Novice: 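Handing you a structure now.
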Amino acid sequence: STYIGTIERTDIEGGHWLLRTDQGVVYQLKGAPASLLVDGRRAEVKGSLAEGGFGLAMMGDILEVKSHRFLD
């Protein structure tokens with residue numbers, strides 16, 4: 001699946017990287033390459049939702065990143 005939104009960093013539970021979609025849905029990023037982890041950048045992220053619900057930070061479903069491209 002493809003998800004479009006803004007990359008965000010949170011300091012909750014030691015820090016996590018998130019994707020906040022244009023619809024306001026928040027996903028925790030898993031397996032994201034360092035090149036994607038830029039706070040405030042808009043990106044298109046391709047990946048799949050991990051089975052098993054929320055991660056430790058309880059910020060949203062876990063999105064296992066397969067690929068990405070920046071939109072800005």
Side-chain angles (χ1 to χ4, degrees):
S1 296
T2 301
Y3 304 85
I4 296 174
T6 303
I7 305 299
E8 297 180 4
R9 168 81 174 154
T10 179
D11 291 328
I12 295 174
E13 296 285 331
H16 296 275
W17 287 96
L18 311 172
L19 176 71
R20 183 177 306 274
T21 69
D22 295 342
Q23 294 75 33
V25 179
V26 177
Y27 298 100
Q28 289 183 61
L29 298 176
K30 178 180 179 184
S35 60
L36 176 60
L37 305 179
V38 181
D39 195 28
R41 293 286 309 263
R42 286 192 37 78
E44 175 185 274
V45 178
K46 292 187 179 185
S48 58
L49 296 180
E51 298 293 325
F54 289 91
L56 292 175
M58 302 298 285
M59 295 297 298
D61 289 332
I62 296 173
L63 175 57
E64 295 180 345
V65 177
K66 303 296 182 206
S67 66
H68 74 279
R69 70 180 179 97
F70 290 116
L71 300 175
D72 55 4

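As a basis for the values below, the full set of heavy atoms in this structure was taken, side chains included, without hydrogen atoms, waters or symmetry mates. What you see is a predicted model, and the numbers here were worked out from it, not measured in a lab. Numbers for residues simply follow the sequence, beginning at 1.
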Novice: Distance from T21 atom OG1 to Y27 atom OH, nearest 0.5 Å?
Specialist: 6.0 Å
Novice: Looking at residues at least two apart in the chain, or sitting in another chain, which of them share a salt bridge (Lys or Arg N to Asp or Glu O under 4.0 Å) with D22?
Specialist: R42
Novice: Same cluster for I4 and L19 if Ile/Leu/Val/Met/Phe/Trp/Tyr side chains link at under 4.5 Å?
Specialist: no
Novice: Shared ILVMFWY cluster between L36 and V25, side chains joined below 4.5 angstrom?
Specialist: yes
Novice: Calculate, to the nearest 0.5 Å, the distance between atoms CG and CD belonging to L29 and E8 respectively.
Specialist: 10.0 Å
Novice: I need the H16 NE2 to T10 OG1 distance, nearest 0.5 Å.
Specialist: 7.5 Å
Novice: Does V38 belong to the same Ile/Leu/Val/Met/Phe/Trp/Tyr cluster as L63, with side-chain heavy atoms less than 4.5 Å apart forming each link?
Specialist: yes
Novice: Any chain of hydrophobic side-chain contacts (each under 4.5 Å) joining Y3 to L37?
Specialist: yes
Novice: At their closest point, which heavy atom of K66 faces which heavy atom of S48, and how far apart are they?
Specialist: CE-OG, 4.0 Å
Novice: Which heavy atom of E64 sits nearest a heavy atom of A50, and at what distance?
Specialist: OE2-CB, 3.5 Å
Novice: Would you say that V45 contacts T2 through its side chain, given a criterion of any heavy-atom pair below 4.5 Å between the two side chains?
Specialist: no
Novice: About how many Å separate CD of E44 and CZ of R69, when rounded to the nearest 0.5 Å?
Specialist: 4.0 Å
Novice: Tell me the closest heavy-atom pair linking G60 and Q28, and the distance in Å.
Specialist: O-NE2, 3.4 Å
